[in-house]
Every structure is written in C-alpha cells, then in structure tokens.
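Here the structure is laid out as structure tokens; the discussion comes afterwards.
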Amino acid sequence: MSLNSIPSPADAVPATLQDNLRRMRLPKSLSQTSQEQAYALGYGWLQSREYDKARAAFETLWQQWPEEARYAAGVGHSALGQGQGDVAMAYFLLAVGLDENNPGY
C-alpha cells in the first residue's frame with residue numbers, strides 16, 4: 001500500500017452531533033404512537049410540576065432517540081424543576097446543538 005492511497009484526515013467527513021447521538025440509541029421498544037403518548041405525558045407532568053415523573057418519561061424517550069432535541073429539552077426542563085441547574089444546562093445546550101432554530105431551548 002502506498003502513502004498516496006491512504007486518505008488524509010482532511011478528506012474524512014466529520015460526523016455531526018446527530019450522527020454521533022444516533023450511534024448511542026438503545027433498541028427501540030416504543031411504537032410511534034407510544035412515543036407521542038409518552039411525550040404528551042411528560043409534557044403534562046412538567047406543567048403540573050411532577051418533575052420526577054416528567055424526567056422519567058423524557059429520559060426514556062431521550063435514551064431511545066438521543067438525536068431528538070425536544071426530548072433533551074424535556075430532560076432539561078425536568079432537571080431544572082428538580083433544582084439541578086447544571087444538569088438542565090447540559091441538556092439545554094444539547095437541545096440547542098440539535099435544533100439551533102428553536103428559541104425555546
């Protein structure tokens with residue numbers, strides 16, 4: 001093999017945040033319908049200030065779809081409600097990295 005046939009690191013396409021997070025996915029166990037229902041439950045629990053329940057829902061969703069910004073933001077909102085500002089900030093920054101055009105993050 002000659003040195004000319006070895007690709008340089010500059011030729012490699014950098015992986016995006018979404019690509020890296022997709023590799024972290026757990027095997028899916030929720031259907032699309034169940035996924036939307038879990039999101040609605042989590043959102044409802046956030047609104048009623050049941051942060052433990054909301055966090056459990058959003059963490060389950062985020063573990064299965066880590067490239068989904070709204071799930072990362074849900075974990076962030078839940079953590080903020082639980083008084084864990086540092087954890088919340090990390091998830092909000094992740095959500096912004098996944099969806100830069102959403103001013104809510």
Side-chain angles (χ1 to χ4, degrees):
M1 175 186 268
S2 73
L3 289 177
N4 292 336
S5 64
I6 299 173
S8 73
D11 294 333
V13 177
T16 66
L17 178 58
Q18 288 88 351
D19 293 334
N20 288 331
L21 290 171
R22 269 188 211 101
R23 286 191 210 102
M24 292 174 44
R25 278 186 185 173
L26 296 175
K28 290 186 177 96
S29 62
L30 295 175
S31 67
Q32 182 70 30
T33 301
S34 294
Q35 176 184 353
E36 292 305 320
Q37 289 171 341
Y39 180 78
L41 283 170
Y43 191 79
W45 285 324
L46 275 179
Q47 290 182 318
S48 64
R49 297 181 176 174
E50 295 182 73
Y51 300 117
D52 292 341
K53 291 178 183 178
R55 188 161 179 180
F58 288 121
E59 283 182 342
T60 297
L61 290 166
W62 185 78
Q63 287 171 354
Q64 292 192 13
W65 293 275
E67 73 279 4
E68 186 71 39
R70 64 186 177 145
Y71 301 156
V75 176
H77 284 291
S78 302
L80 191 60
Q82 293 174 314
Q84 298 175 345
D86 292 344
V87 173
M89 179 62 73
Y91 278 97
F92 287 134
L93 289 172
L94 180 59
V96 168
L98 292 168
D99 184 2
E100 297 174 355
N101 298 318
N102 188 325
Y105 301 148

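The shown structure was predicted, so the numbers you read here are calculated from the model rather than taken from an experiment.
Distance check: Gln64 CD to Glu59 CD gives 13.0 Å after rounding to the nearest 0.5 Å. Glu36 CD to Leu61 CG: the interatomic distance, rounded to the nearest 0.5 Å, is 8.5 Å. The CH2 atom of Trp62 sits 10.0 Å away from the CD atom of Glu67 when rounded to the nearest 0.5 Å.
Ala54 approaches Gly42 most closely through the heavy-atom pair CB-O, 3.5 Å. Shown here for Asn102 and Gly104, the closest heavy-atom pair between the two residues is OD1-N, 2.8 Å. Residues Ala69 and Leu98 approach most closely at CB-CB, 3.7 Å, considering heavy atoms.
Contact of the Gln47 side chain with the Tyr43 side chain is registered, since non-hydrogen atoms from C-beta on lie closer than 4.5 Å. Between Arg70 and Trp65, the closest side-chain pair of non-hydrogen atoms is not below 4.5 Å.
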Show every donor-acceptor pair shorter than 3.5 Å between a side-chain atom in residues 76-94 and any protein atom, with sequence neighbours excluded, or say none if there are none.
unit_1 : atom_1 : unit_2 : atom_2 : d
Ser78  : OG     : Arg55  : N      : 3.3
Ser78  : OG     : Gly74  : O      : 2.9
Gln82  : OE1    : Arg55  : NH1    : 2.5
Gln82  : NE2    : Asp52  : OD1    : 2.5
Gln84  : OE1    : Arg55  : NH1    : 2.3
Gln84  : OE1    : Arg55  : NH2    : 3.4

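Ring planes of Tyr71 and Tyr39: tilted class, angle from 30 to 60°.
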